[in-house]
A.B. asks: 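Sharing a structure below in structure tokens format, with a few things to ask.
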Amino acid sequence: MKCIDLNADIGEGFGDYEIADDATLMPLITSANVACGFHAGDAVIMARTVALAKQHGVDLGAHVGFPDLLGFGRRRMQIDPEVMANYVTYQLGALSAFAAAAHYPLTHMSFHGALGNMVSEDEELALVLLRAVKVFDPTMIISTMPGTAVERMARQLELPVICTFLADRAYESNGLLVSRSKPGAVIHDKEQVRSRVRQLLTKGTVQSIDGVALRVEASSILVHGDTPESIEMVHTLREILAELQIALLPPAKQLRQQN
């Protein structure tokens, strides 16, 4: 592995409420997944976050979720797939408008929270939502965990894909995320994160929560911006990458190199 993307979910405040120190986090990452007003974020925060991404040359992505501000998009909702596809287009359109106003490209998208979990498990849902993404922009990069329904359906639709490892989340032995309702789902210990990332970068594997060594093909590492230790985590990741002499490279540049 010669290069990797460092990305974070960002812009997740609402109104006067801030959930993370985005201004400090943004210069440390190479791509940002920005909330589009459904699970978090609003017009002012989106405009401010796009400006921050442009200022620091960070790849800009849309982080789309359920219409669930009260639950931060972490509650499963039963929504007709065709309706949800319209919600996806709506969110892409919202962030795209602010990107256009700032003369800065929107390069990628990912699914947030409970929607991300559901679409990772369900090929039929993934196909409907990804078709909506392709209609919106067939060059949009899909950021997802490897081996999920999202990756399979995105590749079937010939959408560009970048696979992401979640540094601060535990994995089940089937490669999906451990539910946040279970103990140990979110990893707050810096040394544990350091060990997992080293294993990923040197061996291409990660231990599942029950000890199974999983093969992980990823060229991007995600840190959740809403966790209190996110900035320290990103500093730790950058230290590991420097030790291993692995260059930082955002998704769009990685895919251009491959092509």
Side-chain angles (χ1 to χ4, degrees), residues 1-10 20-22 24-33 56 58-59 61 63 108 110 112-113 116-117 120 141 143-148 150-151 161-180 182-255 257-258:
M1 186 180 297
K2 296 180 180 178
C3 63
I4 201 151
D5 166 57
L6 273 186
N7 79 92
D9 301 341
I10 210 164
D21 186 357
D22 291 351
T24 299
L25 185 57
M26 189 71 86
L28 302 174
I29 59 177
T30 47
S31 69
N33 316 311
H56 296 287
V58 170
D59 272 15
H63 199 38
H108 65 278
S110 59
H112 167 80
N117 293 337
S120 291
I141 300 167
S143 176
T144 182
M145 294 192 309
T148 64
V150 176
E151 186 195 10
V161 175
I162 187 160
C163 289
T164 297
F165 171 68
L166 277 64
D168 53 2
R169 288 294 308 275
Y171 283 62
E172 298 283 5
S173 56
N174 63 2
L176 297 178
L177 294 179
V178 174
S179 168
R180 286 179 178 268
K182 295 182 180 179
V186 181
I187 301 167
H188 299 282
D189 181 74
K190 185 175 73 172
E191 291 308 313
Q192 190 177 355
V193 170
R194 183 186 292 272
S195 174
R196 284 160 51 86
V197 171
R198 273 193 169 279
Q199 182 177 345
L200 170 76
L201 296 174
T202 57
K203 299 179 180 177
T205 62
V206 63
Q207 298 300 118
S208 72
I209 196 165
D210 49 5
V212 175
L214 302 173
R215 187 77 190 163
V216 177
E217 301 286 346
S219 59
S220 177
I221 300 175
L222 173 114
V223 171
H224 288 92
D226 63 307
T227 56
E229 59 276 1
S230 61
I231 292 171
E232 187 179 6
M233 287 277 191
V234 174
H235 279 298
T236 298
L237 296 178
R238 292 179 71 101
E239 288 171 10
I240 297 170
L241 296 174
E243 290 168 12
L244 298 176
Q245 298 184 319
I246 294 174
L248 285 168
L249 201 63
K253 288 184 178 177
Q254 284 190 30
L255 293 179
Q257 280 191 354
Q258 293 173 14

A.B. asks: May I ask you to test the Leu222-Ser220 pair for a side-chain heavy-atom distance under 4.5 Å?
C.D. replies: no

A.B. asks: Any side-chain heavy-atom pair from Asp189 and Glu229 closer than 4.5 angstrom?
C.D. replies: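 The answer is no; the side chains never approach within 4.5 Å.
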
A.B. asks: Below 3.5 Å, can you tabulate the donor-acceptor pairs from side chains in residues 171-178 to any protein atom, sequence neighbours excluded?
C.D. replies:
| from | atom 1 | to | atom 2 | distance (Å) |
| --- | --- | --- | --- | --- |
| Tyr171 | OH | Leu166 | N | 3.0 |
| Glu172 | OE2 | Lys182 | NZ | 3.1 |
| Asn174 | OD1 | Leu176 | N | 3.0 |

A.B. asks: Mind checking what makes side chain to side chain contact (heavy atoms under 4.5 Å, CB included) contact with Ala252, not counting sequence neighbours?
C.D. replies: Asp59, Thr107, Ile141, Arg256

A.B. asks: Is the shortest heavy-atom distance from the side chain of Leu237 to the side chain of Leu28 under 4.5 Å?
C.D. replies: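 When only atoms from C-beta onward are counted, Leu28 and Leu237 do not touch, as no gap falls below 4.5 Å.
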
A.B. asks: Taking the side chain as C-beta and beyond, is there a heavy-atom pair between Pro146 and Val216 under 4.5 Å?
C.D. replies: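 Result yes, sub-4.5 Å side-chain heavy-atom pair found.
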
A.B. asks: Let me confirm one number: the CG-CG distance from Leu248 to Leu6, rounded to the nearest 0.5 Å.
C.D. replies: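 Rounded to the nearest 0.5 Å, the CG-CG separation comes to 5.0 Å.
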
A.B. asks: Apply side-chain hydrogen bond (donor to acceptor under 3.5 Å, both in side chains) to Thr24 and list each qualifying residue two or more places apart in sequence or on a separate chain.
C.D. replies: Asp21

A.B. asks: Test your reading of the model: is there a side-chain donor-acceptor pair from Glu232 to the backbone of Lys190, 3.5 Å cut-off?
C.D. replies: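 Not confirmed, Glu232 side chain does not pair with Lys190 backbone.
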
A.B. asks: Could you check if a side-chain atom of Val193 sits within less than 4.5 angstrom of a side-chain atom of Thr236, using non-hydrogen atoms only?
C.D. replies: no

A.B. asks: Kindly indicate whether the side chain of Leu214, heavy atoms from C-beta on, has any atom under 4.5 Å from the side chain of Gln207.
C.D. replies: no

A.B. asks: Which pair of heavy atoms, one from Ala185 and one from Arg169, lies closest together, and at what distance?
C.D. replies: O-NE, 3.1 Å

A.B. asks: Let me see the working for Arg198 and Leu244 under side chain to side chain contact (heavy atoms under 4.5 Å, CB included), right down to the final yes or no.
C.D. replies: CA-CA 9 Å; Arg198 273 193 169 279; Leu244 298 176; 3.8 Å; yes

A.B. asks: Return the OG1 to CG distance between Thr164 and Asn33, rounded to the nearest 0.5 Å.
C.D. replies: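 Output value for this atom pair is 7.5 Å.
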
A.B. asks: Could you grab the distance from atom CD1 of Ile221 to atom CD1 of Ile240, nearest 0.5 Å is fine?
C.D. replies: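 It comes to 7.5 Å.
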
A.B. asks: Between Thr30 and Lys253, is there a side-chain heavy-atom distance shorter than 4.5 Å?
C.D. replies: no

A.B. asks: If I compare all heavy atoms of His224 with all of Asp168, which pair ends up nearest, and what's the gap?
C.D. replies: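 The answer is ND1-OD1, 2.9 Å.
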
A.B. asks: Taking atom CZ of Arg196 and atom CD1 of Ile187, what is their separation to the nearest 0.5 Å?
C.D. replies: 3.5 Å

A.B. asks: Is Leu25 close to Val223 at the side-chain level, that is, under 4.5 Å between some pair of heavy atoms?
C.D. replies: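 No - every pair of side-chain heavy atoms lies 4.5 Å or more apart.
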
